[in-house]
Structure formats: C-alpha cells, structure tokens
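Since we're looking at a predicted model, the values are computed, not measured.
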Amino acid sequence: MKFSTAYFAPSQLWKWLLLSLLIGIPVGLASAGFLTALDWVTQTREAAIWLIAFLPLGGLLIGLLYHYYGQDVVKGNNQLLEEFHSPKQIIPFKMAPLVLIGTLLTHLFGGSAGREGTAVQMGGAIADQFSKKFGITSSERQMILIAGISGGFASVFGTPLAGAVFAIEVLAKGTNRYRAVLPSLFTAVVADMTCHYAGATHTIYTIPFVPDIQPTFLLWSVLAGILFGLAAFSFSKVVHFFGKMFSSGFSYPPLRPVIGGIIIAVVVYLMGTTKYIGLGIPTIVSAFEQSLPPYDFMIKLLLTTFTLGAGFKGGEVTPLFFIGATLGNALSFFIPLPMALLAGMGFVAVFSGATNTPLACTIMGLELFGTEAGIFIAIACFVAFFASGKTGIYSSQEVHRFKSKWFKIFDRATK
C-alpha cells in the first residue's frame with residue numbers, strides 16, 4: 001500500500017490539523033504522566049536498593065499480565081510495524097496501559113531498559129482508536145499510525161522534528177511518504193508542547209566545543225561512525241539472540257522474565273553498582289563531562305539485551321544513547337576529537353544504526369546538541385547506518401536491501 005504524492009486539499013488539511021490535535025494532546029499527556037511516574041520509580045529504586053531482589057517477582061507479574069491479558073499486543077513496536085504494512089485490525093487500546101505498567105515494573109525493580117518503546121506503543125494505540133471515526137481510509141490509517149508514533153517519540157524525548165521524521169523513516173523505509181509529513185509534524189509538535197506544559201522535563205546535554213572542519217577530523221568521524229555502526233549491529237544481534245534463547249528455552253512465557261530477573265539481580269549484586277540498570281541518565285550526562293571506564297558501553301549492551309530478551313518491557317533507545325555516549329567517551333582516548341563531541345556523535349549514531357533511521361537521528365542530534373556539531377553528527381549517523389548492515393532492533397521493519405555485500409555474507413553466517 002502506498003500513499004499518493006498528491007497535495008492535501010484545503011478540507012483535508014483542516015481535517016489533519018484537527019486529527020493532530022485530537023491525537024497529539026492525549027499522547028502528550030500520556031508521555032508526561034509516564035515520564036513523571038518513571039522518574040518516581042527510579043528515585044524509589046535508588047533510595048531502596050533492596051527492591052532489586054524482587055526483580056524476578058516483577059518479571060512474573062509482567063509475564064502473567066501479557067500471557068493472560070495481552071497476547072494480542074505482546075509484539076509491541078513490531079506489531080505497529082506489521083499493522084502499518086499489512087493492516088488487519090485496530091491496535092487494541094490496552095497496549096497502552098499494559099506497556100506502561102510493564103515498563104514501570106521493569107524500572108522499579110532494576111531492569112535495564114529504555115522508555116521509547118513505551119511512548120511509541122502508547123502513541124500508536126491511542127492514535128489508532130481514531131481510525132474508527134472520521135471516515136478514515138486504509139492509507140489514511142497509515143498516516144494516523146505514523147502520527148501516533150511521532151507524537152509518542154517527540155514528547156518523550158523533547159525532539160519534535162526528530163519524532164516526526166523518525167515515525168516516517170522507521171515505518172515507511174525506502175518509499176516516499178510525503179503526505180505523512182504534515183500529520184506527523186503537527187502531531188509531534190502538539191504532543192511535545194502538551195508534554196512540556198504538563199510539567200514534564202527532559203535532560204539537557206551540551207557539547208561545549210566543536211573544532212573547525214578539517215579533512216583529518218572528517219576521516220576520524222568516519223572511523224568513529226564505523227565503530228558506532230558495529231556497536232549497533234552487535235546490539236541488534238545480541239537482543240535477538242537472547243530473545244530466541246528465552247523463547248526456545250522456556251515454553252511458558254511468564255517464566256522467562258522470572259529466570260531473567262534472577263540472573264540480572266545476582267549480576268547487579270555482584271557488580272555492587274546500579275550504574276548499568278534503568279535508563280542510566282547520570283552516566284550518559286557524565287559521558288559528556290569526564291572520562292569513564294572504557295567497558296561501560298559493553299556492560300550496558302549485555303544487561304539491556306538480556307533484560308529485553310527475557311521479556312521485560314521498556315525500550316531500546318535510551319540504553320542505545322548510553323551505549324553510544326559511553327563508547328564515544330572511550331574512543332576519545334585515541335580519536336583526536338573532543339570527548340563531548342564524540343559522546344554526542346555516539347549518542348545518536350548507535351541509535352541510527354540500530355533503527356535504520358539516519359536522517360531522524362541526525363535531526364535529533366541537531367535538536368539536542370545544536371547546529372555547530374551538525375557535520376560531525378551527520379557523518380557519524382549515516383556511516384553508522386551503512387556499517388550496521390541489514391540487522392535492526394525492529395525485526396518487522398522492512399529493510400529492502402543490504403547496505404553492503406560484506407554484511408550480507410556476514411548476516412548469513414551468523415544466522
């Protein structure tokens with residue numbers, strides 16, 4: 001199914017402005033409530049570290065909820081992708097509260113996960129309820145799904161332009177979806193403003209110094225982009241590996257996060273730190289300001305992929321920010337670029353490679369870090385995109401062809 005590239009008639013424009021308001025406001029309020037609740041559970045866990053011992057119980061609750069009440073929404077982000085490409089039925093609204101509860105339980109008890117998956121699923125589920133009304137056609141329903149996803153993404157990260165482009169780029173890969181731009185952008189802006197006015201706040205990251213553009217610096221940026229792409233490739237492969245391992249190893253789904261929770265709780269206890277669980281925002285901020293242990297990114301990669309593979313809820317994007325920023329921080333030991341700049345490049349570039357959305361990630365970098373770092377960010381994002389191969393964190397994403405012959409061979413070898 002493809003969108004027409006025709007322009008909107010005036011009546012259609014007003015229709016989509018109205019729909020953007022109707023979708024963007026509740027999605028923005030949902031994100032604001034989610035961010036507030038997420039901040040509360042994170043502070044509660046850090047004030048009562050003993051809660052991590054109950055991660056297996058939290059996993060059991062999540063597993064039972066989805067097994068008995070959420071079988072039709074258990075695919076999460078992949079379900080939104082599948083519904084976009086092969087429409088079958090309206091996304092059940094219960095996807096929103098289930099993923100919200102699952103994510104909060106994951107973070108309260110010490111799982112390593114993100115938040116974008118929750119916001120995107122809430123946005124998609126809320127938006128798709130409007131597909132029942134307004135005389136929506138099948139192609140217009142695709143735009144409604146894009147609008148919901150853009151609103152969720154934009155409001156949870158405070159990046160409306162990146163949210164608008166991300167929804168189109170991740171769903172409609174390889175095709176022109178120009179008619180979806182306005183609904184996606186309108187909804188992203190409305191949702192972001194609503195979230196802001198509802199009192200939600202977002203972390204501020206700064207790159208204090210950006211060097212002048214020189215050929216050698218650009219070449220170093222390419223090398224960094226390749227390494228960021230390989231990190232994204234590794235994350236995607238490992239998260240799918242753990243997912244398959246738990247699926248094949250435990251036939252009763254609620255048991256998977258219980259076993260996974262026991263292992264994670266023991267690992268966290270042995271490490272003696274909560275640095276690598278939850279969102280990891282303090283470490284991400286530190287990656288822009290001071291030298292960190294060079295292994296930080298690898299520990300976060302393993303803990304997050306294991307957490308999600310075991311069946312806990314949340315998302316991959318904020319952990320990808322952590323992995324990218326700390327990897328960039330480590331690369332500053334031998335790449336002659338400012339540490340904060342490399343952290344910022346990695347922040348968005350690993351995300352780009354893992355989701356196959358280099359344009360959205362470049363725009364996100366500009367929104368978060370400013371335009372001065374734009375050239376370096378764009379190089380890192382697009383090189384990481386090509387270096388990450390066909391693999392991505394969304395198994396239902398349509399990637400129409402491999403980005404290099406080497407990765408085509410390697411992908412076959414690792415299956």
Distance-only side-chain donor-acceptor flag, S112 / K300, under 3.5 Å:
yes
If you count the non-hydrogen atoms of other residues, nucleotides and ligands that lie under 6.0 Å from [atom1] in [X], is the total more than 12?
X	atom1	result
E289	CD	yes
K275	NZ	yes
Y252	OH	yes
H196	NE2	no
I90	CD1	yes
M245	CE	yes

[X] (side chain) donor-acceptor with [Y] (main chain) under 3.5 angstrom:
X	Y	value
E316	G114	no
S248	K244	yes
S332	N329	yes
Y66	V73	no
Q290	S286	no
D296	T326	no
H107	I277	no
S31	G28	no
T305	F235	no
R45	L51	no

For a side-chain contact (heavy atoms from CB on, under 4.5 Å) check, start with the C-alpha distance between V258 and F250, then their side-chain angles and the critical distance, and finish with the verdict.
CA-CA 11 Å; V258 175; F250 305 96; over 6 Å; no
Looking at every heavy atom in both [X] and [Y], which two are closest together, and how far apart are they?
X	Y	answer
I25	T194	O-CG2, 3.4 Å
F217	D212	CD1-O, 3.3 Å
A354	A232	N-CB, 3.4 Å
L366	G374	CD2-CA, 3.4 Å

Contact check, side chains of [X] and [Y], non-hydrogen atoms, under 4.5 Å:
X	Y	result
L368	F347	yes
D128	L80	no
F333	S291	yes
F376	P211	yes

Below 30° counts as parallel, above 60° as perpendicular, anything between as tilted: where do the rings of F351 and F321 land?
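Aromatic pair F351/F321 classed perpendicular.
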N-O pairing of R141 and E83 below 4.0 Å:
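Here R141 pairs with E83 in a salt bridge, since their nearest N and O are under 4.0 Å apart.
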How far does [atom1] of [X] sit from [atom2] of [Y], to the nearest 0.5 angstrom?
X	Y	atom1	atom2	result
H202	D192	NE2	CG	6.0 Å
T118	L100	OG1	CG	7.0 Å
I299	T283	CD1	OG1	10.5 Å

Derivation and outcome, side-chain contact (heavy atoms from CB on, under 4.5 Å), residues I62 and L98:
CA-CA 9 Å; I62 295 169; L98 282 176; over 6 Å; no
Verify side-chain contact (heavy atoms from CB on, under 4.5 Å) between F109 and I52, making sure each step is shown before the conclusion.
CA-CA 5 Å; F109 294 114; I52 298 173; over 6 Å; no
May I ask you to check whether F288 and F369 place their ring centers less than 6.0 Å from one another?
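Ring centroids of F288 and F369 are less than 6.0 Å from each other.
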Derivation and outcome, side-chain contact (heavy atoms from CB on, under 4.5 Å), residues L308 and F242:
CA-CA 8 Å; L308 297 175; F242 282 133; over 6 Å; no
Between F306 and F312, is the ring pair (Phe, Tyr, Trp, His ring centres under 6.0 Å) condition met? List the steps.
CA-CA 9 Å; F306 191 86; F312 287 94; 9.0 Å; no
